[in-house]
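Scroll down for the structure; my scribbles are underneath it.
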Amino acid sequence: MAHAVLAVVVVSLSLPLGFYSSQSYVLDDKQGLGRVFDGIGGLSGGGATSRLLVNYAEPYRSQILDYLFKPDFGASLHILKVEIGGDAQTTDGTEPSHMHYENDENYFRGYEWWLMKEAKKRNPNITLIGLPWAFPGWVGHGKNWPYDFPDITAAYVVNWILGAKQYHDLDIQYVGIWNERNFDSKYIKLLRYTLDKNGLERVRIIASDNLWEPIALSLLLDPELSRAVDVIGAHYPGTTTVSDALKTQKKLWSSEDYSTFNDEVGGGCWARILNQNYVNGHMTATISWNLVASYYEKLPFGRDGLMTAEEPWSGNYVVESPVWITAHTTQFSQPGWTYLQTVGQLAQGGSYIALTDGKGNLTVVIETMTHDHSVCIRPPLPVFNVTSQNATFLLKGSFASIKELQVWRSQFNFRTKNPSFFEKLTPLKLLDGSFTLNLVEDEVYTLTTITTGRKGSHPDPPPSARFPKIYKDNFNVRSPPFSEAPNFADQTGVFENYVNMTDPGPHTFTLRQVITERPVTWATDADQTISVIGDYQWHNLMVTCDVFMENTKTGGVFIAARVDKGGQSVRSAKGIFFWVFADGTYKVTSDLAGQTVLEEGQSGTQAYGWHTLSLTVKGQSALGLLDGNPLWNNTVVPSPKNGWAAIGTHSFELAQFDNFVVVAE
Ligand SMILES: *[C@@H]1O[C@H](CO)[C@@H](O)[C@H](O)[C@H]1NC(C)=O
Ligand SMILES: *[C@@H]1O[C@H](CO)[C@@H](O)[C@H](O)[C@H]1NC(C)=O
Ligand SMILES: *[C@@H]1O[C@H](CO)[C@@H](O)[C@H](O)[C@H]1NC(C)=O
Ligand SMILES: *[C@@H]1O[C@H](CO)[C@@H](O)[C@H](O)[C@H]1NC(C)=O
Ligand SMILES: *[C@@H]1O[C@H](CO)[C@@H](O)[C@H](O)[C@H]1NC(C)=O
Ligand SMILES: *[C@@H]1O[C@H](CO)[C@@H](O)[C@H](O)[C@H]1NC(C)=O
């Protein structure tokens, strides 16, 4: 596909008070069009990035979803990509699998089903994508590798797609291989075969959610593999592609991108890549990791979402600039529209793209983001210059007769720190099929024949507040359809609401850790399971919880305070961990791995009996109670000085928790 040569003409106009010039850019469909547009999307998961969203009370939760998905309102996303939960840590937490065990199937775990339904409720045309990061241990038969038994892995993934349809009426349109890990050609072919065999011919395969190579070359060399794959999905491509990828003639997507702190520079990053992923790299879809920053901010990559919703306890959320930057494209184009060939760089820096529905509608998006105001987290951004410029756009071909264009503008105004986003300006009247814009640095413009754009708004949410200092959960009140307890963020293992039908009370309803073998991991999960909760600034506090071990020989459980790490760093989490074991002993350690022992001794604890643990930390001293009696006291605790509260188990083993209480100072 040919791309327009930029700066076609230099128009000089003589004016009484001097001279100015304007570069001209032709927008034309006479020579044919460019690639078909597939949409702009957000990624929930990879991992647990929407964890706190589900705990928002109404109406705030629906408002957040409106800003993300509602057409002609906010980000109005075209694509929702979700993690196929694999019971393992995948960046900011674990997401539950639909098959924890080989003979287990449950399509009501986690929040991704709910999120897809909420997205579809708002936009019935939304494109849905699923991708695994990790797999339950049984899929790998104990090896950290999902391809030794490709038929099992394919059946496992296809079950998730079938379950989405059967239980939630969700049509998954695309499925991926193994996020940012090796692919296996034999597995991809088998996945294609298994999809087809199950009547899922319409489901397309994206490969390989990593770099352009080696998948592009593999597709060129292996026609059968090429028939199986519809889209090459690359991550963080830095707006460029490679010649092998172009030679495959496949759709090219930035299937994960952005991952940048969502302040105004984050918005600038997003504006630049949304345009330039097509201009430079021929990519027809761009998907943001992540959709919404709904995880504790002190977990890795805090606030790297299109908007922020990390305080379900207050109801506060923030519609950040990337939402409005997204709207510049999404509200004025749809998947199935086509890019014009005439797209490109602006002479004084920045870029423009143009899209058409093929029925006369035209949408032009222009960005003039400067280097320092559009740096993304990765890859490194080579230097370039952007200066103010006049740009004249000449509408040709079927666009020559357009008489009026709607105008939407965002100005970052970094100098005055007074940005204005997605502002509707007076429509432009076109006299001779052309218009000129006086562009300054750090702006985004949309010019379009589409008249339905709208800057949606809800009343301001409640003010931000810290996590409550007194927090209790007896796990008796469930919030269907969710399988997890509010605000607990699993970092290794999966903690689920559990009902013991045979228990007459008081422990009929509990929280249960259910993963019994190490998953096929994506990150370095801990050898222990752990779920964190609360305020990372907590220093002096008391944590109390009833615990129930179900592993008679090697069982062990803990409660903890001042836990300083989660996500991919969970293995090296420090804090104050109070453990009891099924062999009748206890320990106090300053790390999750249990390597630094502060106290140990006899506790008399056993499996299949409930015990109450209580941990009080004050300054440099800690105290532990077992069933109301002091077990250890005046233990000097080393750093960290603050962190989350937590519960967990000594290994991948069943255990239950009840009547969780935190009282913080
Ligand atoms: C969904 O797509 C169809 C066909 O492109 C279109 O007619 C319809 O308006 C779309 N619906 C929404 C809610 O966008
Ligand atoms: C543009 O799209 C609208 C629907 O959004 C449609 O009614 C109209 O016919 C299209 N064509 C033109 C030239 O505006
Ligand atoms: C950007 O502008 C500066 C100052 O005019 C110049 O020194 C530099 O070479 C330019 N860089 C690029 C990449 O054009
Ligand atoms: C753009 O055009 C205006 C006149 O409309 C002129 O005042 C200005 O200097 C021009 N800017 C540039 C960068 O050429
Ligand atoms: C369920 O409750 C019964 C009665 O209290 C108890 O004996 C049994 O161990 C419990 N089972 C589990 C898995 O919690
Ligand atoms: C722990 O030790 C402190 C200081 O010696 C003492 O004041 C306190 O009563 C002890 N707590 C318990 C529960 O024994």
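Order of appearance sets the numbers: ligands from 1, and atoms from 1 within every ligand.
- Tyr608 has its ring centre less than 6.0 Å from the ring centre of Phe548.
- Atoms of ligand 5 lying under 4.0 Å from any heavy atom of Glu550, numbered from 1 in the order shown and given with element: 13 (C).
- Looking only at atom types and distance, the side chain of Tyr107 has a donor-acceptor partner in the side chain of Glu105 under 3.5 Å away.
- Closest heavy-atom approach to atom 10 (C) of ligand 6 within the set Leu631, Asn633, Asn629: this belongs to Asn633.
- For atom 5 (O) of ligand 5, the closest non-hydrogen atom on the protein side is Asp503 OD2, 2.9 Å.
- Atom 7 (O) of ligand 6 is not flagged as protein-proximal [any protein heavy atom, distance under 4.0 Å].
- Shown in contact with Val383 at under 4.0 Å from a heavy atom are these atoms of ligand 3, numbered in order with element: 13 (C).
- Using modelled atom types and a 3.5 Å distance limit, the side chains of Ser22 and Thr392 yield a donor-acceptor pair.
- Contacts with ligand 5 closer than 4.0 Å are made by no heavy atom of His507, backbone or side chain.
- Residue, atom and distance of the protein heavy atom nearest to atom 14 (O) of ligand 3 are Asn385 ND2, 3.2 Å.
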- Stepwise, does the salt bridge (charged side-chain N to carboxylate O under 4.0 Å, His left out) test hold for Arg518 with Asp527? CA-CA 8 Å; Arg518 190 173 180 79; Asp527 297 324; 3.3 Å; yes
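- A donor-acceptor pair shorter than 3.5 Å cannot be found between the side chains of Glu653 and Asn551.
- The single protein non-hydrogen atom nearest to atom 9 (O) of ligand 5 is Tyr608 CD2, 3.6 Å, given as residue, atom name and distance.
- Protein heavy atom nearest atom 11 (N) of ligand 5, with residue, atom name and distance: Asn500 ND2, 2.9 Å.
- If you number the atoms of ligand 5 from 1 as listed, the ones under 4.0 Å from a heavy atom of Tyr498 come out as 13 (C).
- For Gln656, a nitrogen or oxygen atom sits less than 3.5 Å from a nitrogen or oxygen atom of ligand 5, counting backbone and side chain alike.
- Looking only at heavy atoms of the protein, atom 4 (C) of ligand 6 is closest to Asn634 OD1, 3.4 Å.
- Interatomic distance, OH of Tyr25 versus OG of Ser351, reported as 10.5 Å (0.5 Å rounding).
- Side-chain atoms of Thr239 and Asn277 include no donor-acceptor pair closer than 3.5 Å.
- Closest to atom 13 (C) of ligand 6, if we only count protein heavy atoms, is Pro630 CG, 3.6 Å.
- Rounding to the nearest 0.5 angstrom, the gap separating the OG atom in Ser639 from the CD atom in Gln620 is 9.5 Å.
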